[in-house]
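Nothing here was measured: the structure is a model prediction, and the numbers come from that model.
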Amino acid sequence: MKNQIAANVESSVKLKPKVKRALFYAVFISFPVLHYLVFYVFINFNSFLMAFRTYNLDPLKGMIHEFAGWKNFSDAWQLLVKSGDRIWMSVLFLVISLFFSTPLALLFSYYIYKKRFMSGLYRVMLFLPQILSGVILGLLYRYMCNQVAGWFADKWFHTPAKDLLTDPSSQVWMVIFFNVLMSFGVNVLTYSGTMSGINQSLIESAQLDGCNPLQEFLHIVIPMIWPTVATLAVVGFSRIFTEQWQVLTLLSLYPGKADNMGYYLYVQAMNGDFISSQTTLAYGTLSALGLILTAFILPATMALRWALDKYGPKAD
C-alpha cells in the first residue's frame, strides 16, 4: 500500500513540469490567438454582416439596423465606377513598386551581398528609415519639398519658388519618390539577408567556369532568392487597394492628384458613421465596397502567385 501511494506521489510530481509547460504555452499563445480572433475574425465577420445592413435612428429605440439586401453593394458599385482616377493611381503605385523599386532593391542588395565599396555604410543608411518614425520623416520630407526646394530654385536657378508637394505637375512624383525611399531600406535588407544564405560553393563554381557578375546575378542569385521575391510581390499586389502610400502623412486631407483607393477608404472609414451624409459614407457601404474590391483582388492575387511559381526562375 505504501509503495502504491509513493508511486502515485512520484507520478504526480513528474507531471508538474508538463503541466507548467502547458500552462506557460497556453498563456503565451493566448495573446496572439485573442488578437487574431478579435482583430481579424470578428472584425471581418462583422464587416460582412454590415455590408447587408442599413442603420436608422428611431426616436424610441435609438439606433436600429435592418436587412438592406444588395442596396449597399449597388451604392458601392456606383461609387467604384466614379473612382477611375483613384483606381488608376493605385495601379500606378503598384507598377512603380513592382517594376522599379523591386529591381532597384535587388541590384543594391546584390551590391551589399558582394561586400563592395561602402556596402556596410549603405546598409546602415538604408536601415535608418525603419528606425525613425515614418511620420517624422514625412514631416521632414514635406518641409524639404515645400520650403527648401523652393529656396534652392529661387537662389540657385532664379526660377519662381513653388511647393513641390502641392504643385499638380510634381505632386504625384514627389509622393512616389518618398515611398520608394521608405520601402527601399526594408526590401534591400530582406533581399541581402536572403542572399547571404546562398551556398558559396555555387558562386565559386560559377566563377571558375567564367561566370561574370551579371550572369551570376541573373542565373544564380535571383533563382536562389526567387521565393522571397515572389512572396513580397504577392503581398504588395494584394494591398493595391488598401495601401495609401503615405499620402495622408504628406498631404493630410488634401491629396490632390495623389488620391488613391487606399487613402480614400482610410479617410472615409476614419470619418464614417452608421448613417451616410453628404460628406461621409455609411459603414455598410464601406463594407460592401471592401467586399467588392476583395472579389476582384483575391483571384488576381492567386493567379499572380501561380504564375510566379510556375514561370519564375528555378533554383535547380
Side-chain angles (χ1 to χ4, degrees), residues 29-94 134-135 234-305:
I29 202 67
S30 62
F31 293 101
V33 170
L34 181 63
H35 185 277
Y36 172 78
L37 293 176
V38 173
F39 294 101
Y40 185 82
V41 176
F42 172 75
I43 288 180
N44 283 279
F45 180 73
N46 188 54
S47 298
F48 180 82
L49 294 180
M50 291 180 67
F52 295 93
R53 290 175 176 175
T54 56
Y55 293 84
N56 296 290
L57 285 174
D58 187 272
L60 300 178
K61 299 180 180 180
M63 184 75 68
I64 60 173
H65 62 81
E66 300 174 348
F67 179 69
W70 297 99
K71 181 182 182 303
N72 290 332
F73 289 89
S74 176
D75 296 341
W77 180 258
Q78 294 178 8
L79 177 64
L80 191 62
V81 171
K82 299 177 181 178
S83 301
D85 292 339
R86 298 189 185 101
I87 295 174
W88 159 245
M89 193 56 58
S90 298
V91 173
L92 175 62
F93 288 159
L94 176 66
V135 176
V234 170
V235 171
F237 183 85
S238 65
R239 298 186 305 183
I240 179 175
F241 293 132
T242 57
E243 184 66 50
Q244 58 149 314
W245 268 56
Q246 302 283 351
V247 175
L248 184 65
T249 301
L250 297 177
L251 303 174
S252 299
L253 299 178
Y254 305 97
K257 291 186 175 182
D259 190 11
N260 63 339
M261 285 304 299
Y263 171 85
Y264 178 76
L265 290 174
Y266 179 84
V267 172
Q268 287 294 331
M270 182 175 60
N271 298 324
D273 205 339
F274 287 97
I275 300 176
S276 62
S277 64
Q278 294 181 351
T279 58
T280 60
L281 296 176
Y283 291 142
T285 305
L286 287 171
S287 299
L289 181 59
L291 291 177
I292 293 175
L293 294 176
T294 302
F296 282 111
I297 201 62
L298 180 60
T301 303
M302 296 177 65
L304 176 65
R305 180 77 223 195

_Heavy-atom closest pair, residues Leu291 and Phe48_ = CD1-CD1, 3.9 Å
*Donor-acceptor contact present, side-chain Ser74 to main-chain Trp70, <3.5 Å*: no
*Take the angle between the ring planes of Phe73 and Phe52 and call it parallel below 30°, perpendicular above 60°, tilted in between.*
tilted
*asked:* Taking atom OH as the centre, does Tyr266 end up with more than 12 heavy-atom neighbours from other residues, nucleotides or ligands that are less than 6.0 angstrom away?
replied: no
_CG on Leu94 to CD1 on Ile240, rounded to 0.5 Å_ = 4.5 Å
*In Å and rounded to the nearest 0.5 Å, what is the CG to OG distance from Asn46 to Ser287?*
7.5 Å
_Spacing of Leu92 atom CG and Trp88 atom CH2 [to the nearest 0.5 Å]_ = 5.5 Å
*asked:* Does the plane of the ring in Tyr36 sit parallel, tilted or perpendicular to the ring in Tyr40? Use 30° and 60° as the thresholds.
replied: parallel
*If you round to the nearest 0.5 Å, how far is CG of Asn56 from NE2 of His65?*
11.5 Å
*Taking C-beta and beyond as the side chain, do Ile87 and Phe241 meet within less than 4.5 Å on heavy atoms?*
yes
*Nearest-0.5 Å distance, OG of residue Ser90 to CD of residue Gln244*: 11.0 Å
_Testing the basics here: between Ala288 and Ala51, what is the closest heavy-atom pair and its distance to 0.1 Å?_
N-CB, 3.8 Å
*Verify, without hydrogens or angle tests, whether Tyr263 (side chain) and Leu248 (backbone) share a donor-acceptor contact under 3.5 angstrom.*
no
*Side chain of Asn72, backbone of Thr54: donor and acceptor closer than 3.5 Å?*
no
*Near Asn44 CG, under 6.0 Å, is it more than 12 heavy atoms from other residues, nucleotides or ligands?*
yes
*Please examine the side chains of Leu265 and Leu289, heavy atoms only from C-beta on, and report whether any two atoms are closer than 4.5 Å.*
yes
_Phe237 to Thr301 - nearest heavy-atom pair and separation_ = CD2-OG1, 3.5 Å
*Heavy-atom side-chain proximity of Leu251 to Tyr254 below 4.5 angstrom*: no
*Give the ring-plane orientation class for Phe93 versus Trp245, where under 30° counts as parallel, over 60° as perpendicular and anything between as tilted.*
parallel
*Side-chain contact, heavy-atom cut-off 4.5 Å: Met50 with Phe274?*
yes
*How far apart are the closest heavy atoms of Val247 and Pro255, and which atoms are they?*
CG1-CB, 3.8 Å
*What is the distance from atom CG of Leu293 to atom CG of Leu80, rounded to the nearest 0.5 Å?*
5.5 Å
